Undergrad: 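Got a structure here, written out as structure tokens. Questions coming.
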Amino acid sequence: MVYDFKKIETKWQSKWEKKKVFEVSPDAAGTKKKKKFYVLEMFPYPSAAGLHMGHALNYTIGDIYARFKRMQGMNVLYPMGYDAFGLPAENAAIKAGEHPRKYTENSIKNFVNQQHKLGLSYDWSKMIVTSKPEYYKWNQYFFLKLYEKGLIYRKKSPVNWCGKCETVLANEQVHGGCCWRHPETPVEIKQLEQWFIKTTNYADELLDKVDKLYWPERIKLMQKNWIGRSEGTEILFEIENSNKLSNVVIVHGCPSAEKAEYSQEKRTYDKHWIPWIKKKLEERKIKVFSPLMPEAWKADYYNWKKEFEKNKIDENSVLIGHSCGCAFLVRWLGDTKKKIKKLILVAPWKIAKSGNAPKDFYDYNIDLGIKDRVGEVIIFTANNEEADGKKSVKIFHDSLGGEIIELKNHGHYTIYDMGTGEFPELLNEIIGNEKWSIFTTRPDTIYGVTFMVVSAQHPRLMELVSNKQKKEVEKFLKKLKGVSEKQLEELDKEGVFTGSYAVNPVNNKKVPVYAGNFVVADYGSGMVMAVPAHDQRDYLFARKYNIEIKAVIQPREGEIDFTKESKAYTGEGWLINSDEFDEVESEKAKEEITKFLIKKKLGRKVVNFKLRDWLVSRQRYWGTPIPVVYCDKCGIIPIKESDLPIVLPEKVKFGKGNPLKTNEKWINVKCPSCNGKAKRETDTMDTFFDSSWYYLRYLDSENSKKPFEIDKVKYWMPVDQYIGGAEHATMHLIYARFFTKALRDLDLIPEIDEPFIKLFNQGLLHGADGQKMSKSLGNVINPLDIIKKYGADSLRLALMSLASPENDTLWDENVLVGSFKFLNKVYDYFQNVKIVKKSDAKIESKLNKIIKEMTNQIENFKYNLAIIKVRELFNSLPLETDRLVLEKGLKLLSLFCPHIAEEMWEKIGGVGLISSSEWPKVEEAKINESLEKQEQDVAKLVEDINHVVKIIKEREGKEVSKCWVYVLPNEKKNFVDSVDELKKRTGLDIKVYAVNDKDKYDPDGKSKKVKPGKPGIYLE
RNA sequence: GCGGGCGUGCCGGAGUGGUCAAACGGGACAGACUCAAGAUCUGUUGCUUAGUGCUUACAUAGGUUCGAAUCCUAUCGUCCGCACCA
């Protein structure tokens, strides 16, 4: 007979739902006294394929825990939701020719249905779906908050571009140089303007607090490695750039009105810092022009242009503008599409109403292509600049990027503001930028520097390249582009000479600067000092290009001789060839050389992190729109909070790339600031943004006024038990931890530092063949098929008995069948059991012992062991048992197999639902160990001795008279005290030794066989 | 390359100093029930001359200990994470 699991399971699933058994709230009657407990599983990414076995495993683990905590009397929040945005849905939808929203909704429906069938005890009233405006509105809200706080910024940066996805990938989404979704597609490096979140601001806290978490050690380790803190020294190297700038052209601003003294001869209106800078540059034999613009106070662009173009401008020119001169230069650069080396804007102005030049001089659109043609952009401004000046800085910066330098009390940079015509900061920008910093953890090897390497991906690489080497470098870069990143990893260390030299600050030695393929552009400064004698990478590079290898660390033992050695010496030792630091121990030399450099203002101690800022822009449709607009006049303007949410347009045309970009209707908006023409940002957010705070939204999922009520956060947070796969060890868990801290500092949530106190990682479930479950291998087991054939209870039981949940395991059909058989047995038992008044003491003892063990095991996720105990219990229950024992036994089973437990509970007349019943308490008094334990004492020993004496006599016909007894040290006393009795009862001369006694006599090695409660006996 | 995990009987897997020839499940074998099969139940499942037995066994080789599957060292195999982070 097979029990009707189908009927039972649907019956109880609908009862639970109807009675809202699992719904909770922080203020419900009677729950105030209860302790809260928040159980959370990593929410799934809904796909049309539906639930897979890994999901089933994960959720069963969480469900058992939630049921356990509930029965223990806690107010348990156990919610479920869907991480519904993202590329795969968009791609799948495109492929299927339907809208991603529809695709996602269908997938979710399917998931919900399947999760119900598993008997999971979620509070469905709290369900969230991240692709709904009611959810992502708050993404946009948080984005604005973070932006306000300065935690979000835009930066042009080399990004990982996947040609298949047609979007940018986070560093974390690049695996082995390829897209994580398309392992065969190598990632290209593109330079794009991107939104970043300053996760690095929290690097220290993220690292420090890892230790406070009750997480699996390996996950903590992965987090630490990911954050990758390393202490070292930053050292300034002067670069002798052979690529001298060709000329400098300075454009002055315009005066408010014509005055008599504005003459060519007197040049009054450019008399700020311009004469001084001109003089300084000429001293250095740098060609400088500062044209005097015709009718400066009228500022006609075309007249100015004519005058300005009398100067020859080329790729090595530096252009400097002051005030409205900046407006001129930027317009001119857009107009002529000229390439230049550097653009310096001093106190720029672009606001027509307050500028001195006519309106049309300012009102033009900035060409966004300028930043690609200008090597470097620097903007000087001041803390006490006028508001419109500051606004202008923002407008220029939004379009041109570059660096903003804010000096104190420089106002509008007139001679009246500054009180002097001297402007050394500017001079420095023109000629003195040739100092590059590098990061090293080995300052002790600085005397061994024989070359420098700058990353081939470095944005400022070309500044270092001399005209002579230009072709070589470009050839090298082209070659690099040709190989995929994947190959690049296996590639030799390669590079090319840039034509520049660096000067070693400790001994003024000139060393060549190479561009290399093995230097990471965005770690440290993107340039390294190379010490081939003591760094393996540098060593290989030096060998390849025949660069000098200079040993500066002498090992404590032996010598190194690079005519013989084939690898660098990276160990410790004492210094050689290092001037005054000779013979200093390398560890000590790190300190001393750093101190020396600090003193000379050429270095400082720094901490570097591997953690990068989080790139959140995605060029795809199916995500949260980033809530900003681009205004021609105002630059980047965030959308007003009251205008949220920015809803994704429903009608979209999918073709190449981001369909938002071509949606004219959606893109064109009015600027929230000036009401002028503006365009929407078309990038959407990385879906990790959604999952970084979803655990907070569950607490108040219906709230339309706020992302959540703060009181609810206070009550429920932090998550007490988080459950999910190790695949999220770095990305999701870092972002979510960052988010919690950022929201805390924005005062949006109370003082909660960490979102997930405890984390449990379930192991991977492999196919029966030991391979990953995958369609192509044909070893996928669909949970729904199993439920149909054996029922959810059997599936849950089998999944939990396969192995310890934290370990990887293999799917085993036999275990499933065994589980099913067991449940049938249980069912049969309850059909036949006779309920009596009192149970056997042995059973009571066993039950209580099992309750005790199981409570512990479940608390620690040792579900597989707990199940063994349940089986043991039911296998030993006699057909006559009392109600209490049966009820308690069923409660133990109910965590794993809730449906059959409810059914049997009802059958024997249990009160209410077993799901809402109380977890059985251990009655210690009923545990009677002696019922099971075998005693070992003196009497038993006598018996054993006599037995052996008898055997020896029978076998060998020998009489024995002496006996050595060996016992464990801690048992010795008991036997030594009874020596007389032993002698009397055996008639032998008995000596008792502890096994570690030195003077024992034991030719047979019997003492080695001694175990607790089992002495070794040697007879003679 | 760096970091982490794992390696147990025919199989899946417990066990992390002694009560371990090793839980529990599956399989296999034998028995009971049955005309028979299935289901169910019981027993056996390292070797053994049956002994308080074993120059037997927890990847391999050493070591620590009275005693090691368990601790240490090295090696091999395997899986995972990061990957040129200076």
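Throughout, protein chains are lettered first and strands after them, A, B, ... in sequence-line order, and every chain is numbered starting at 1. Remember, predicted model here, so these are calculated numbers, not experimental data.
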Undergrad: Let me know, please, whether Val520(A) or Leu968(A) comes out on the 5' side of the other along RNA chain B by nearest nucleotide.
TA: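 Closest to the 5' end, via its nearest nucleotide, is Leu968(A).
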Undergrad: Could you give the distance separating G53(B) and G17(B) at their C1' atoms, to the nearest angstrom?
TA: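 Going atom to atom, C1' in each nucleotide, I get 25 Å.
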Undergrad: Determine the contact category for Lys869(A): base if any of its heavy atoms lies under 4.0 Å from a base atom, sugar-phosphate if only primed atoms, P, OP1 or OP2 are that close, otherwise nothing.
TA: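 No contact.
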Undergrad: Can you check whether any acceptor in the base of C85(B) is under 3.5 Å from a donor in the side chain of Arg612(A), or vice versa?
TA: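 Such a pair exists between side chain and base.
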Undergrad: So Ser230(A), base contact, sugar-phosphate only, or nothing? Heavy-atom distance under 4.0 Å.
TA: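 Sugar-phosphate: the residue Ser230(A), judged by heavy atoms under 4.0 Å, touches backbone atoms but no base.
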Undergrad: Could you give the distance separating G25(B) and U44(B) at their P atoms, to the nearest angstrom?
TA: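 Taking atom P in both U44(B) and G25(B), they lie 13 Å apart.
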Undergrad: Could you tell me which non-hydrogen atom of Leu941(A) sits nearest to which non-hydrogen atom of Pro1015(A), and how far apart they are?
TA: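 Heavy atoms only, the tightest pair is CD1-CG, 3.8 Å.
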Undergrad: If you measure from the C1' atom in U48(B) to the same atom in G12(B), how many Å do you get, rounded?
TA: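 Each nucleotide's C1' atom is 29 Å from the other's.
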Undergrad: If we take the C1' atom in both A28(B) and U78(B), what is their distance in whole Å?
TA: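 So the two C1' atoms sit 29 Å from each other.
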Undergrad: In whole Å, what is the span from the CD atom of Glu853(A) to the P atom of C24(B)?
TA: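 Distance check: Glu853(A) CD to C24(B) P gives 13 Å.
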Undergrad: Base, sugar-phosphate or nothing for Ser801(A)? Non-hydrogen atoms, less than 4.0 Å.
TA: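 Ser801(A): no heavy atom of the nucleic acid under 4.0 Å.
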Undergrad: Please determine whether a side-chain nitrogen or oxygen atom of Lys862(A) lies at a distance below 4.0 Å from atom OP1 or OP2 of A23(B).
TA: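 For Lys862(A), the contact criterion (side-chain N or O under 4.0 Å from OP1 or OP2 of A23(B)) is not met.
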Undergrad: Give a yes/no on whether any side-chain N or O of Asn864(A) is located under 4.0 angstrom from OP1 or OP2 of G12(B).
TA: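 No.
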Undergrad: Rounded to the nearest angstrom, tell me the gap between atom CE in Met527(A) and atom C1' in C84(B).
TA: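 Interatomic distance, CE of Met527(A) to C1' of C84(B): 17 Å.
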Undergrad: Quick check for you: among A83(B), C41(B), A23(B), whose closest atom lies nearest to any side-chain atom of Trp226(A)?
TA: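 Minimum distance to the Trp226(A) side chain belongs to A83(B).
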Undergrad: Taking only side-chain N and O atoms of Lys1009(A), does any of them lie within less than 4.0 angstrom of OP1 or OP2 on C66(B)?
TA: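 No, because none of the side-chain N or O atoms of Lys1009(A) sits under 4.0 Å from OP1 or OP2 of C66(B).
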Undergrad: Which base, if any, makes a Watson-Crick or G-U wobble pair with C10(B), both distances under 3.5 Å?
TA: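 Paired with G26(B).
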Undergrad: Out of U40(B), C84(B), G81(B), which has the shortest distance to the side chain of Arg537(A)?
TA: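 Between U40(B), C84(B), G81(B), the one nearest the side chain of Arg537(A) would be C84(B).
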Undergrad: Whole angstroms only, please: what is the NE2-C1' distance between His947(A) and A50(B)?
TA: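 Computing the His947(A):NE2 to A50(B):C1' distance gives 10 Å.
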Undergrad: Given that both distances must come in under 3.5 Å, which nucleotide forms a Watson-Crick or G-U wobble pair with C41(B)?
TA: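 In the structure as shown, C41(B) has G31(B) as its Watson-Crick or wobble partner.
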Undergrad: Taking only the P atom of each, what is the distance from U34(B) to C29(B) in whole angstrom?
TA: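 Approximately 22 Å lies between the P atom of U34(B) and that of C29(B).
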Undergrad: Send over the distance from Glu727(A) CD to G5(B) P, rounded to a whole Å.
TA: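 Whole-Å distance recorded here is 20 Å.
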Undergrad: Under 3.5 Å for both donor-acceptor distances, Watson-Crick or wobble: does C82(B) have a partner, and if so which one?
TA: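 C82(B) is paired with G1(B).
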Undergrad: Looking at every strand, decide which applies to Val453(A) at a 4.0 Å heavy-atom threshold: base, sugar-phosphate, or nothing.
TA: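 Result for Val453(A) = nothing.
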Undergrad: Aromatic rings Tyr1018(A) and Trp964(A): how do their planes relate, parallel, tilted or perpendicular, breaks at 30° and 60°?
TA: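 Rings of Tyr1018(A) and Trp964(A): tilted, 30 to 60°.
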Undergrad: Could you please name the option among C85(B), C66(B), G25(B) that lies closest to any side-chain atom of Arg871(A)?
TA: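 From the listed options, G25(B) comes nearest.
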Undergrad: Touch check for Lys610(A), heavy atoms < 4.0 angstrom, all strands: base, sugar-phosphate only, or nothing?
TA: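 Contact class for Lys610(A): base.
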Undergrad: If each of Asn875(A) and Ser804(A) is mapped to the nucleotide of RNA chain B with the nearest heavy atom, which maps nearer the 5' terminus, i.e. the 5' end?
TA: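 Residue closer to the 5' terminus by nearest nucleotide: Ser804(A).
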Undergrad: Can you name the one residue among Phe518(A), Tyr539(A), Tyr545(A) that meets side-chain contact (heavy atoms from CB on, under 4.5 Å) with Lys493(A)?
TA: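 The side-chain contact (heavy atoms from CB on, under 4.5 Å) with Lys493(A) is passed solely by Phe518(A) among Phe518(A), Tyr539(A), Tyr545(A).
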Undergrad: Can you tell me how far P of G27(B) sits from CD of Glu813(A), to the nearest Å?
TA: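 Those two atoms, CD and P, are 12 Å apart.
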Undergrad: What nucleic acid atoms does Asp538(A) come within less than 4.0 Å of, heavy atoms only: base, sugar-phosphate, or nothing?
TA: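 Answer is nothing: Asp538(A) stays at 4.0 Å or more from every strand.
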Undergrad: So which nucleotide from G51(B), G4(B), A86(B) ends up closest to the side chain of Leu221(A)?
TA: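 It is G4(B).
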Undergrad: Tell me if the NZ atom of Lys544(A) is crowded by more than 12 foreign heavy atoms within 6.0 Å.
TA: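 It does: Lys544(A) NZ has more than 12 such atoms within range.
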Undergrad: For G46(B) versus G9(B), give the span between their C1' atoms, rounded off to a whole number of Å.
TA: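 8 Å, rounded to whole Å.
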Undergrad: Name the pairing partner of U16(B), where a pair is Watson-Crick or G-U wobble with both distances under 3.5 Å, or state none.
TA: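 Pairing partner, where one exists within any strand: none, as none qualifies.
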Undergrad: If A69(B) has a Watson-Crick or G-U wobble mate with both distances under 3.5 Å, name it; if not, just say none.
TA: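 Result: none.
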Undergrad: Which listed nucleotide (A86(B), G13(B), G4(B)) is nearest to the side chain of Val519(A)?
TA: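 The answer is A86(B), which lies nearest to the side chain.
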Undergrad: Measure from the side-chain heavy atoms of Lys1011(A) and tell me the nearest of U19(B), G13(B), A86(B).
TA: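 Nucleotide nearest to Lys1011(A)'s side chain: U19(B).
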Undergrad: Using the glycosidic torsion, which applies to G25(B): syn (within 90° of 0) or anti (everything else)?
TA: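 Classified anti.
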Undergrad: In whole angstrom, what separates Lys493(A)'s NZ from G1(B)'s P?
TA: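 Spelled out: NZ on Lys493(A) to P on G1(B) is 13 Å.
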Undergrad: Would Met452(A) and Val511(A) count as a side chain to side chain contact (heavy atoms under 4.5 Å, CB included) here? Give the steps.
TA: CA-CA 7 Å; Met452(A) 308 286 284; Val511(A) 294; 3.9 Å; yes
Undergrad: What is the separation between atom CG on Leu810(A) and atom P on G7(B), rounded to the nearest whole Å?
TA: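 After rounding, the reported distance stands at 14 Å.
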Undergrad: Determine the Euclidean distance between corresponding C1' atoms of A32(B) and A21(B); express it in Å to zero decimal places.
TA: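 Rounded to whole Å, the distance is 29 Å.
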Undergrad: Assign Lys1006(A) to base, sugar-phosphate, or nothing according to its heavy-atom contacts below 4.0 angstrom with the strands shown.
TA: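 Nothing, no nucleic acid heavy atom in range.
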Undergrad: P atom, G15(B) versus A61(B): distance in rounded Å?
TA: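 So the two P atoms sit 25 Å from each other.
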Undergrad: Show, in sequence, the C-alpha distance, side-chain angles and deciding distance for Thr200(A) and Asp613(A), and conclude whether the side-chain hydrogen bond (donor to acceptor under 3.5 Å, both in side chains) test is met.
TA: CA-CA 6 Å; Thr200(A) 50; Asp613(A) 279 342; 2.5 Å; yes
Undergrad: Salt bridge or not between Asp522(A) and Arg612(A)? Use side-chain N to carboxylate O under 4.0 Å.
TA: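 Salt bridge between Asp522(A) and Arg612(A), a charged N being under 4.0 Å from a carboxylate O: yes.
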Undergrad: With both distances under 3.5 Å as the test, what is the Watson-Crick or G-U wobble partner of U64(B)?
TA: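 Here U64(B) is not engaged in any pair, so there is no nucleotide opposite it.
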Undergrad: Verify whether the ring centers belonging to Tyr863(A) and Phe861(A) lie closer than 6.0 Å.
TA: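 For Tyr863(A) and Phe861(A), the ring centres are under 6.0 Å apart.
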Undergrad: Do any side-chain nitrogens or oxygens of Lys1008(A) fall under 4.0 Å of OP1 or OP2 in G67(B)?
TA: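 Answer yes for this pair, as a side-chain N or O of Lys1008(A) is under 4.0 Å from OP1 or OP2.
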Undergrad: Taking pairing as Watson-Crick or G-U wobble with both contacts under 3.5 Å, can you name the mate of C54(B), or confirm there isn't one?
TA: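 Pairing partner, where one exists within any strand: G46(B).
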Undergrad: Whole angstroms only, please: what is the CD-C1' distance between Glu806(A) and A14(B)?
TA: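 Spelled out: CD on Glu806(A) to C1' on A14(B) is 12 Å.
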Undergrad: Could you name each residue pair satisfying side chain to side chain donor-acceptor pair (under 3.5 Å) that touches residues 214-223 of chain A, not counting sequence neighbours?
TA: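 Sorted result for residues 214-223 of chain A: Gln223(A)-Arg737(A).
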